[in-house]
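A short worksheet on the structure shown next.
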Amino acid sequence: MFGIPLAFGAPAILGALLALPLIWWLLKLTPPRPKAEVFPPLKILAGVLKREKTPSKSPWWLTLLRMLMAAIVIFALADPVLNPRNATLSGDGPLLLVVDNGWATVGDWERRVETATALIGDAADRSLPVSIVFTADATHDAIPGTAAVALEKLAAATPRPLRPDRARTIEALRTTFTSERPGTLTYVSDGIARDPEDPFLSDLASLSPAEFRIVEGDGAASVAITGANNGSDALTVTLSRLNASEPRILVVDAQDRQGRVIASGQVDFAAGTTEASGEIAAPFELRNDFARLSISGIASAGAIHLLDDGFRRRKVALVSGDSGDGFQPLLSPLYYIERALGPYADVVKPGQTDLAVAIPEILNQNPSALVLADVGRLPADVYDPLQAWINRGGTLIRFAGPRLAAAPSDDPLVPVILRQGERALGGALSWAEPQPLADFPSFGPFAGMPRPEGILVKRQVLAEPTPDLAARTWASLADGTPLVTVEDNGAGRIVLFHVSAEATWSDLPISGTFVEMLRRIVQLTRVGAAEAQAGQSTAPSLPPFRLLNERGALTTETGTAKPLPLGTDRPEAATFDNPPGLYGTEDGFTALNLLPSETTLRPLPSPTGLTVTRDPMAGTAATPMKPGLLTLAFLLLVIDSLIVLFMGGAFSRLPKRAPAAAATILALALALGVFAAPGQALAQSADAKPGDEQILERLDNTHLAYVITGEQDVDRISEQGLAGLTDFLTYRTTLEPEPPVGVDISQDELSFYPIIFWPISASAPMPSAAAISRIDAYMRAGGTVLFDTRDQGSMLGSDASSSPNGERLQAILANIDIPPLEPVPSDHVLTRAFYLLQGFPGRYSGSPLWVESRQEAQSSNSAVASSGDGVTPIMITGNDLLGAWAIDANGASVLPVVPADEMQREMSFRSGVNIMMYMLTGNYKADQVHVPALLERLGQ
């Protein structure tokens, strides 16, 4: 009824519903009234005695309540069941269970196990043998056995971070079921096709089972990352889903190697679409820190896309020996190189034409590769910096041309010894014809590329024959002369194209092969051991380093995974031998993802003419209604009893207010019993006050706090600064504070915070006397306030040197009884609370950090003197600590340090760590000042 499957365990009991009219008549029936005889002597008493009146019939609503109660009891005794499971199995053969346990089954695996367990139980009741296989397992034992053995296999099975290999499964089933056919074949499917024409259902039907059932779970909700492209401005990620009936919005997070989310993007699916793309906008320096992409809220191997060093965008510098002609750009040596590398790298050019100035300027930008197009002899003072840069891991890519052909042969930045001049092919004075390219060798970055057709080389520079020339040649012409040669130099390499970078010497620069060759060479720059080994014949494979589990987490358990073959033998996606993960070592690795690039999730096709029964999963089936109906009938019985007692006057002897109280108790009982759970009722009756949740949250977690000055720019920098310090503390220490909090010192509770940062601003409103008094009380109770004038001044010096912010600080402190102060001594606990420090810089480094004077404070009468384990109640600086710590949403610094030295910013963060450790641990490290004396006593 109404599309809801319903069954009864004892349907015959429903015949009792026919007796409901009789029950109605019995409830309405009352005994006849006694006949009254008039007796005159009692007529006087008739007006005195109060007669007890008996109603002639019960109220209709009470009768209806009892009728409803009777009907509910009859329904409960009939044992109704919602979504009843079909427990019948065919007895014409064994039960065959085929279970998908790939990446898409992680979310509902428990329900799949419950479904298979119920089917095996039905087979055990009928003494039928059971055969169970899992499509994502490497091996299959499809021989039918007992139900107990099948349950053991089911208990040992787990979802795998792989795609189901149904072809291997059907091969094992055909080998097993050659002489007999299955009775009931149940396929617990994830609903995802391996390819557009997946014939698995037809293959299962070819086993000729007596009954064919399909059980589908939540596979229709599967979503996977199927592609990622690191563009020039943003990273583009592509997602594919199986169910396209409704629009859906998903968030894709980019994480670094520590698993922290450093950027996010949004992918919008329109109704009816199965593929969608979105962008993660971030600077390329930040995108180079991306280690993997993940779909927020989905834990599966398909929702993870691993990234390696080959994914990062490189910075490539281009230098030409010829400035080129602006009116003829196609003849420019850099024209084709710049367009070939633009989609894959960030191309930079020098601002100077003088190579003695331009090349050092380029090297200061730390590029991954440097391209020299037709550059002959370099300035003498440039060779040493270039050699040092190459030794550190840089890649120098050179192109031939008239200048290089005329250069001396002893150039140290050429991978092979070159002959003077160039070789002309197909000219008027040459007998040789233009040469095509030969097949690429099996080693080097071009391995696996097809030999290009239609490319002819007309001119080239030749290399002197040497014993190792063949090993240094990555590409050659059909006559065997080198086209691309290489020489390893320290951690880097020098690569030479023996043709020019424009189309006068060959057709190579105007071909797609040229783009792919440059892309592969640039991908080799600044790589780890994994990709470095990929270009060597001595390292044909990489060992498993970290592998994805079924929930998309990287683990060190490699199990039976084999080394990943490289070159043309490398698989395009995960296999049984090579599960998804990272292959290589800590120094470098390459990523292997679950799905091939640009995969589309498609539903498993249903062949025509196939009779299939589709059953629901366990968890949505066989829901008994009897307990709930009996409970409801009992509650109605309690209500009926209370109503009868009330109508019979049982509550009439209670005090006047008792009936109202009883009615209230009755209403509460009904509300608690029928409409609310016990926990909800208690929660509703709790005497909660506004703000209690915030107070509990502030007590359970550590928050860094700053004073709200009322100036928007100052407060924003304060929040961003404490956010940066919070991230630094989380990354470098075991302290993991929650997001920073801004406090209004005039009304917020201050005792929740161990330290409050107060940026002083002369243009901000002056705090009231009451607010300053609350700060005074906060410091007396053991709290600490760090005042920062942000002006690089001394603040406590002469009036002549005071800044407006320093004067505002003096006005605030004039109403606080502060202890004597001194700059932090070199042996103070603050200098060694976590890091060993000699100063406490911020954006500036000229101001000392003032703290409570330890010698004078011992005899001071100030009530604000330290009362918390030697922790100073006040700190004063002018170095703008919050400005140095401030970061934006992408983790980049907001304000520059003065002078522009990032080491000063690092020391500022370390100062913040020491301050927080000092606030939270007190002077527990103070005894370290006695270490030299103790060592001297011990004779050391």
Are the side chain of [X] and the backbone of [Y] linked by a donor-acceptor contact shorter than 3.5 Å?
X: Asp468; Y: Ala471; answer: no
X: Asp195; Y: Asp198; answer: yes
X: Thr558; Y: Ala561; answer: no
X: Thr599; Y: Leu595; answer: no
X: Asn489; Y: Arg493; answer: no

Can you tell me how far [atom2] of [Y] sits from [atom1] of [X], rounded to the nearest 0.5 angstrom?
X: Glu502; Y: Leu508; atom1: CD; atom2: CG; result: 11.5 Å
X: Tyr583; Y: Arg570; atom1: OH; atom2: CZ; result: 10.0 Å
X: Phe589; Y: Leu306; atom1: CZ; atom2: CG; result: 9.0 Å
X: Thr485; Y: Ile417; atom1: OG1; atom2: CD1; result: 11.5 Å
X: Asp253; Y: Ile262; atom1: CG; atom2: CD1; result: 10.5 Å
X: Glu557; Y: Thr560; atom1: CD; atom2: OG1; result: 12.0 Å

Can we say Asp346 and Lys315 salt-bridge, meaning some charged N sits less than 4.0 Å from an Asp/Glu carboxylate O? no
Partners of Glu516 by salt bridge (charged side-chain N to carboxylate O under 4.0 Å, His left out), sequence neighbours excluded? Arg519, Arg520
Partners passing salt bridge (charged side-chain N to carboxylate O under 4.0 Å, His left out) against Arg423 (at least two apart in sequence or in another chain): Asp479
Modelled atom types, side-chain donor and acceptor of Ser240 and Thr274, under 3.5 Å: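 Absent: no donor and acceptor within the cut-off.
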NZ or CZ of Arg292 within 45° of Phe290 ring axis and under 6.0 Å: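 No, Arg292 and Phe290 do not form such a contact.
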Are more than 12 heavy atoms from other residues, nucleotides or ligands located less than 6.0 Å from atom [atom1] of [X]?
X: Arg168; atom1: CZ; answer: yes
X: Gln266; atom1: CD; answer: yes
X: Glu464; atom1: CD; answer: yes
X: Gln365; atom1: CD; answer: yes

Can you list the steps and then say if Phe440 with Leu437 is a side-chain contact (heavy atoms from CB on, under 4.5 Å)? CA-CA 8 Å; Phe440 293 108; Leu437 272 64; 4.3 Å; yes
Could you tell me which non-hydrogen atom of Ala574 sits nearest to which non-hydrogen atom of Pro579, and how far apart they are?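 In this case the closest contact between Ala574 and Pro579 is CB-C, 3.9 Å.
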Classify the ring geometry between Phe399 and Phe497 as parallel (under 30°), tilted (30 to 60°) or perpendicular (over 60°).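 Ring orientation, 0 to 90° scale: parallel.
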